[in-house]
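Below, chain A is the first sequence line, B the second, and so on; all start at residue 1. All figures in this text were calculated on a predicted structure; none of them were measured in a lab.
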2 protein chains.
Amino acid sequence: MNDRISPEPPATLAELMRRGNVFAEQCPSREVLKHVTSRWGVLLLVALRDGTQRFSDLRRKVGGISEKMLAQTLQWLEADGFVARIAHPVVPPHVEYSLTPLGEELAQKVEALADWIEFKLPEIMAARASRENGAG
Amino acid sequence: MNDRISPEPPATLAELMRRGNVFAEQCPSREVLKHVTSRWGVLLLVALRDGTQRFSDLRRKVGGISEKMLAQTLQWLEADGFVARIAHPVVPPHVEYSLTPLGEELAQKVEALADWIEFKLPEIMAARASRENGAG
DNA sequence: CGGTATCCGTACTGATACTG
DNA sequence: CAGTATCAGTACGGATACCG
């Protein structure tokens, strides 16, 4: 269980899996990946690409998200260094969220993945249909 | 509620969000994205990039996954057209799983995302550390 | 406005046992 | 070997109420 002292500078996920680590439970990447691929993480990252926005802006834009999950997901992303939070000390409170450069990089990749699925949806749905028709 | 009859040929996730759809709940993409980004979906897609493998091979390689979730996740990915399943009619049963061309494309993108996180982990951890030191 | 704390239902997860 | 069925624990997610 002393994976932490392994000498190699790892690298790819496939590498880790080949070592039998599976991208080990202990690995912080698992945590980050979880935040990013969480139900609202994906949507929030994409939403933030529009630029700096307030808490309520995001709540409206993402639509369907509860305050709890919005706050929590933003905190995860902030802790991971993907989101910057600026609270203006006024009443009523004014808080702005934006992507950090690191977050912008990530958001692009996430959006690319989501867009790929959008784009390939016809093929995906066709696969489903063909299976139902007896091809499975 | 009649989003389905909207004329435009949609496109990007950001587009959908801008329309207030958020990548609507009704949208099948949500379902697919859920399968792909699920706890085991990511790992399985990457694992399958090594080539055709049997059920038990995958179980061993992914390590930590239960038979139930392995079967279920494989079924999701198969239904979405990302995974091909071939059952040889012998005893004991011999079933092989592999990526379809579509699945291979997807797996590449997923792995790229995971690898990016692996690669940027130092920056991410640094972000966490700096926040704990009072920068937050 | 921008959160936090609490309660609660659900849905995902895993261990076990069983079947073909 | 490759699943399926069942059951129980957990963790996620949402609604509500309350605080700064």
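The salt bridge (Lys or Arg N to Asp or Glu O under 4.0 Å) search around A:Arg54 returns none, not counting sequence neighbours. Take B:Glu105 and apply the salt bridge (Lys or Arg N to Asp or Glu O under 4.0 Å) test, not counting sequence neighbours, and it matches A:Lys120.
For the pair A:Trp76 CH2 and D:dA11 P, the computed distance is 12 Å after rounding to whole Å. Look at CD on B:Gln75: it is 11 Å from C1' on D:dA2, rounded to the nearest Å. Atom CG in B:Leu44 sits about 12 Å away from atom P in C:dT13, given to the nearest Å. Distance, B:Arg59 CZ to D:dG3 P: 12 Å, rounded to whole Å. As a whole-Å value, the separation of A:Leu74 CG from C:dT4 C1' is 14 Å. In this entry the distance linking CG of A:Leu58 with C1' of C:dC1 reads 13 Å, nearest Å. Look at CG on B:Asp57: it is 11 Å from C1' on D:dC1, rounded to the nearest Å. As a whole-Å value, the separation of B:Gln53 CD from D:dA2 C1' is 16 Å.
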Sub-3.5 Å pairs of nitrogen or oxygen atoms, protein against nucleotides 14-17 of chain C:
{"from": "C:dG14", "atom 1": "OP1", "to": "B:Arg39", "atom 2": "NH1", "distance (Å)": "3.1"}
{"from": "C:dG14", "atom 1": "OP2", "to": "B:Trp40", "atom 2": "NE1", "distance (Å)": "3.1"}
{"from": "C:dG14", "atom 1": "O6", "to": "B:Lys68", "atom 2": "NZ", "distance (Å)": "2.3"}

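Under 3.5 Å, the side chains of B:Thr52 and B:Glu96 contain no donor-acceptor pair of N or O atoms.
Checking side-chain atoms of B:Arg59 against main-chain N and O of B:Ile65 turns up a donor-acceptor pair under 3.5 Å. A side-chain donor-acceptor contact under 3.5 Å links B:Thr100 to the backbone of B:Gly81. Of the possible donor and acceptor atoms, none in the side chain of A:Glu111 sits under 3.5 Å from a partner among the backbone N and O of A:Arg49.
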Would you sort out whether B:Asp80 and A:Arg128 count as a side-chain contact (heavy atoms from CB on, under 4.5 Å), showing the intermediate values? CA-CA 6 Å; B:Asp80 291 341; A:Arg128 292 197 187 186; 2.6 Å; yes
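Atom CG of A:Leu33 and atom CD of B:Glu118 lie 9.5 Å apart (nearest 0.5 Å). Interatomic distance, CG of B:Leu77 versus CG of B:Leu48, reported as 8.0 Å (0.5 Å rounding). Expressed to the nearest 0.5 Å, how far CG of A:Asp57 lies from CG of A:Asp50 amounts to 10.5 Å.
Of the residues in residues 85-97 of chain A, those with a non-hydrogen atom less than 4.0 angstrom from any atom of DNA chain D are A:Pro93.
Phosphate proximity of D:dC12 to A:Ser38: absent, as no side-chain N or O sits under 4.0 Å from OP1 or OP2. For B:Gln72 and D:dT4, the shortest distance from a side-chain N or O to OP1 or OP2 is not below 4.0 Å.
For the helix from C:dC1-D:dG20 to C:dG20-D:dC1, the terminal axes (five pairs an end, C1' atoms, rotation from four pairs onto the next four) enclose an angle of 40°, given to 10 degrees.
Among residue pairs with one or both ends in residues 48-87 of chain B, those qualifying as ring-ring contact (aromatic ring centres under 6.0 Å, His included) are B:His35-B:Trp76; sequence neighbours excluded.
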